[in-house]
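Each remark here refers to the structure printed beneath this line.
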Amino acid sequence: MLDSKLLRTDVETTAQKLATRGFTLDVDALNALEEKRKSLQIRTQELQNDRNVRAKSIGKAKASGQDIEPLLAEVAQLKEDLANAEHELKELLAEINSIAQTVPNIPHESVPVGKDENENVEISRWGEPKEFDFDVKDHVDVASALGNGLDFETATKLTGSRFIVMNGAIARLHRAIAQLMLDLHTQEHGYQECYVPLLVNHDSLLGTGQLPKFGEDLFHTKPATEEGQGLALIPTAEVPLTNIARDEIFNESQLPIKMTAHTPCFRSEAGSYGRDTRGLIRQHQFDKVELVQLVEPSKSFDALEELTGHAEKVLQLLNLPYRKMLLCTGDMGFGSCKTYDLEVWLPAQNTYREISSCSNMLDFQARRMQARYRAAGAKKPELLHTLNGSGLAIGRTLVAILENYQQADGSVEVPEVLRQYMNGLEIIRP
RNA sequence: GGAGAGAUGGCCGAGAGGCUGAAGGCGCUCCCCUGCUAAGGGAGUAUAGGGUUUGUAGCCCUAUCGAGGGUUCGAAUCCCUCUCUCUCCGCCA
């Protein structure tokens, strides 16, 4: 959520910036609501004050034994007016809030203006795509040449499309990848390992910005009722990890807080029916090691570089060629003000595919969550800044390894850094 | 799942329709006293929103005692719903 002061006092500039990411802010409607809010709030508060003053005088009159009947008569109309005003104000605030909740973050000035992924800017490349002197197979064929390590048919029987059953060495490789990442981030990069719920409530989803706008991307397990909140499976560990800070006030000395978790992620993939239907690239359930940082506002852009570097390190250790993309305004996620995507080389597709997305959300999520910190010596707590990134998506890393490490005889070499997690196994053979 | 108890400021803990934004204690901050790692005295110490204003100063107002609704001129206090915590029983990985 944006600072309401921006929407109140500087709507024009805000609207212009938002337009670069393809979002149209209805300035006139917002201004009109704001006008109304102001006068209504003033009136409501005056009436409340009036009520308080009169109630007190009635109390005093009663205590001193006076007749209060005339005083009560005076108050009757006030009571009704106040109830009306309060009701009206409440509705209006709800309306303004529901609009504010759907406004995306403002892109940082360093973000290139563009309408879609074609206008993202390549920042750097690492590694050389390997030359193969045989016909490269994609990961599905690599796996099936090895046995039934990736069993799509059984997963379809058990659940449906876009799920996977993994077996044997492939399943173990999948686990090894997660182990490597967690060990790297906790031992070398200073993240605290966390185990978190995979089901989260409505407030958490509002906090990180999945709701109210993107509910159709989620798997809901329990409908929200009049009173109780619904629960949904997490689409990313960003949701539980970041919401740890919801309604908290940290001391400056506690920052930065760096957390990592390995979790499954669940996405309904609504609206992507025809895309990446083959293989592991786009699944309803996939594992990911997530990185989250909570930092002081002045340090969030440095932290973004650092966090992205942590994700890159995984690719470097695995010796997987990748490129780093700076997303343009039109391709960024809802809450982000600046995002780097890491794209790994997939020889079978002869292209780079997204394997990590690292974003600085600024205070956008923190404001929704009321996640704050108190600077040393400062009286008032301030919103902190939140960042998150994949470090990395495990399923896609598995894909990249199977494809980049395949050999002419159909076997797959185990990347050296993973062998310690594979009981020393060097080659996966049929 | 059954029965009961509870939710108050950074923490502990009073309060049981009006004078309570909230006693008291602890903690913390500042000042004073004290020549020694102790003790004592004083002051301050929630958050959000609005108005006024050149002002992130001051002043004024409003809201907030788990959340939401209700009763009342007036609710931390009474009623209803929900959420969470604790105790006992049952069940269970």
Side-chain angles (χ1 to χ4, degrees), chain A residues 1-10 31 33-101 195 197-207 221-232 240 243-254 296-298 363 366-384:
Chain A
M1 201 154 61
L2 298 175
D3 190 343
S4 60
K5 289 195 178 77
L6 276 182
L7 294 177
R8 282 175 191 174
T9 59
D10 204 8
N31 279 336
L33 287 173
E34 180 52 27
E35 280 292 302
K36 229 168 122 185
R37 189 219 100 235
K38 210 167 177 174
S39 59
L40 189 55
Q41 183 171 348
I42 291 170
R43 174 165 160 73
T44 304
Q45 293 188 350
E46 279 170 358
L47 288 169
Q48 285 171 330
N49 181 234
D50 202 11
R51 175 203 60 194
N52 292 345
V53 170
R54 285 170 187 272
K56 270 182 188 163
S57 66
I58 290 174
K60 277 177 190 154
K62 201 177 173 186
S64 64
Q66 296 171 33
D67 180 18
I68 29 177
E69 281 308 318
L71 289 172
L72 291 183
E74 268 177 53
V75 162
Q77 184 60 41
L78 170 66
K79 195 186 177 187
E80 195 187 323
D81 291 347
L82 177 58
N84 288 338
E86 280 181 335
H87 180 74
E88 222 180 303
L89 179 63
K90 194 179 158 189
E91 304 244 296
L92 185 61
L93 288 176
E95 190 181 347
I96 292 172
N97 190 250
S98 77
I99 293 173
Q101 290 271 332
Y195 173 86
L198 305 180
L199 286 168
V200 290
N201 60 30
H202 203 86
D203 286 343
S204 293
L205 292 160
L206 277 172
T221 64
K222 183 181 150 195
T225 59
E226 293 273 325
E227 300 291 346
Q229 289 191 28
L231 296 180
N243 273 282
I244 286 172
R246 176 149 53 85
D247 296 322
E248 298 291 335
I249 300 175
F250 298 96
N251 287 322
E252 185 178 359
S253 60
Q254 293 174 272
E296 292 167 51
S298 64
D363 59 10
R367 183 170 296 105
R368 291 168 161 246
M369 295 191 300
Q370 284 304 299
R372 294 173 292 176
Y373 81 104
R374 207 183 301 272
K379 253 186 99 173
K380 291 207 166 190
E382 283 178 61
L383 295 171
L384 43 76

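What you see is a predicted model; the values in this text were computed from it and never measured. Per chain, numbering begins at 1; letters A, B, ... match sequence-line order.
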With RNA chain B as reference, determine whether Ile42(A) or Leu72(A) sits nearer its 5' end, using the nearest nucleotide of each.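 Looking at RNA chain B, the more 5' nearest nucleotide goes with Ile42(A).
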Pick the closest RNA chain B nucleotide for Lys90(A) and for Lys38(A) by heavy atoms, then say which residue is nearer the 5' end.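 Closer to the 5' end of RNA chain B: Lys38(A).
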Asn243(A) CG to Glu248(A) CD distance, which is reported to the nearest 0.5 Å: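 With rounding to 0.5 Å, CG (Asn243(A)) is 11.0 Å from CD (Glu248(A)).
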side-chain hydrogen bond (donor to acceptor under 3.5 Å, both in side chains) with [X]: which residues, sequence neighbours excluded?
X: Glu80(A); value: none
X: Arg368(A); value: Gln101(A)
X: Glu34(A); value: Arg37(A)

I'd like a table of donor-acceptor pairs (distance under 3.5 Å, sequence neighbours excluded) in which one partner is a side-chain atom from residues 85-97 of chain A, with atom names and distances.
| residue | atom | partner | partner atom | Å |
| --- | --- | --- | --- | --- |
| Glu86(A) | OE2 | Gln48(A) | NE2 | 2.9 |

[N] to [M] separation - [atom1] atoms, rounded to the nearest Å:
N: rG18(B); M: rG13(B); atom1: P; value: 24 Å
N: rG42(B); M: rG24(B); atom1: P; value: 13 Å
N: rA48(B); M: rG41(B); atom1: C1'; value: 36 Å
N: rU20(B); M: rG27(B); atom1: C1'; value: 23 Å
N: rA23(B); M: rC80(B); atom1: P; value: 29 Å
N: rG66(B); M: rU8(B); atom1: C1'; value: 10 Å
N: rG35(B); M: rA14(B); atom1: C1'; value: 42 Å
N: rG10(B); M: rU45(B); atom1: P; value: 14 Å

Set of side-chain contact (heavy atoms from CB on, under 4.5 Å) partners for [X], sequence neighbours left out:
X: Asn52(A); value: none
X: Asp3(A); value: Lys5(A), Leu6(A), Arg367(A)
X: Ala100(A); value: Met1(A), Leu7(A)
X: Glu74(A); value: Arg54(A), Leu71(A)

Heavy-atom pair of closest approach, residues Tyr373(A) and Glu296(A):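 That would be CE1-CG, 4.1 Å.
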With 3.5 Å as the limit, what N/O pairs link the protein to nucleotides 58-66 of chain B?
| residue | atom | partner | partner atom | Å |
| --- | --- | --- | --- | --- |
| rC61(B) | O3' | Asn49(A) | ND2 | 2.7 |
| rU62(B) | OP1 | Asn49(A) | ND2 | 2.6 |
| rU62(B) | OP1 | Asn52(A) | ND2 | 3.2 |
| rU62(B) | O3' | Gln48(A) | OE1 | 3.4 |
| rU62(B) | O2' | Gln48(A) | OE1 | 2.5 |
| rA63(B) | OP1 | Arg51(A) | NH2 | 2.5 |
| rA63(B) | OP2 | Asn52(A) | ND2 | 3.4 |

Which nucleotide in the list rG51(B), rG68(B), rA48(B) gets nearest to the side chain of Arg372(A)?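 Nearest listed nucleotide: rA48(B).
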Between the protein and nucleotides 77-80 of chain B, are there any N/O to N/O pairs under 3.5 Å, and if so, what are the atom names and distances?
none

For RNA chain B, what are the stems built from at least three Watson-Crick or G-U pairs in a row, each pair having both distances below 3.5 Å?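 Result, WC/G-U stems under 3.5 Å: B:1-7 with B:83-89, B:10-12 with B:24-26, B:27-32 with B:40-45, B:46-52 with B:58-64, B:66-70 with B:78-82.
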Indicate yes or no: at least one non-hydrogen side-chain atom of Leu231(A) is less than 4.5 angstrom from one of His202(A).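 Of all side-chain heavy-atom pairs linking His202(A) with Leu231(A), none is under 4.5 Å.
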Please examine the side chains of Asp81(A) and Arg43(A), heavy atoms only from C-beta on, and report whether any two atoms are closer than 4.5 Å.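 Yes, side chains in contact.
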How many Å lie between NE2 on His87(A) and P on rG70(B), as a whole number?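 So the NE2-P distance, His87(A) to rG70(B), works out to 10 Å.
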Roughly, in whole Å, what's the span from CD1 in Ile249(A) to C1' in rG9(B)?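 The answer, rounded to whole Å, is 12 Å.
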Any protein N or O atoms within reach of nucleotides 16-18 of chain B? Criterion: under 3.5 Å, listing atom names and distances.
| residue | atom | partner | partner atom | Å |
| --- | --- | --- | --- | --- |
| rG18(B) | O6 | Lys62(A) | NZ | 3.3 |
| rG18(B) | N2 | Ala55(A) | O | 2.7 |

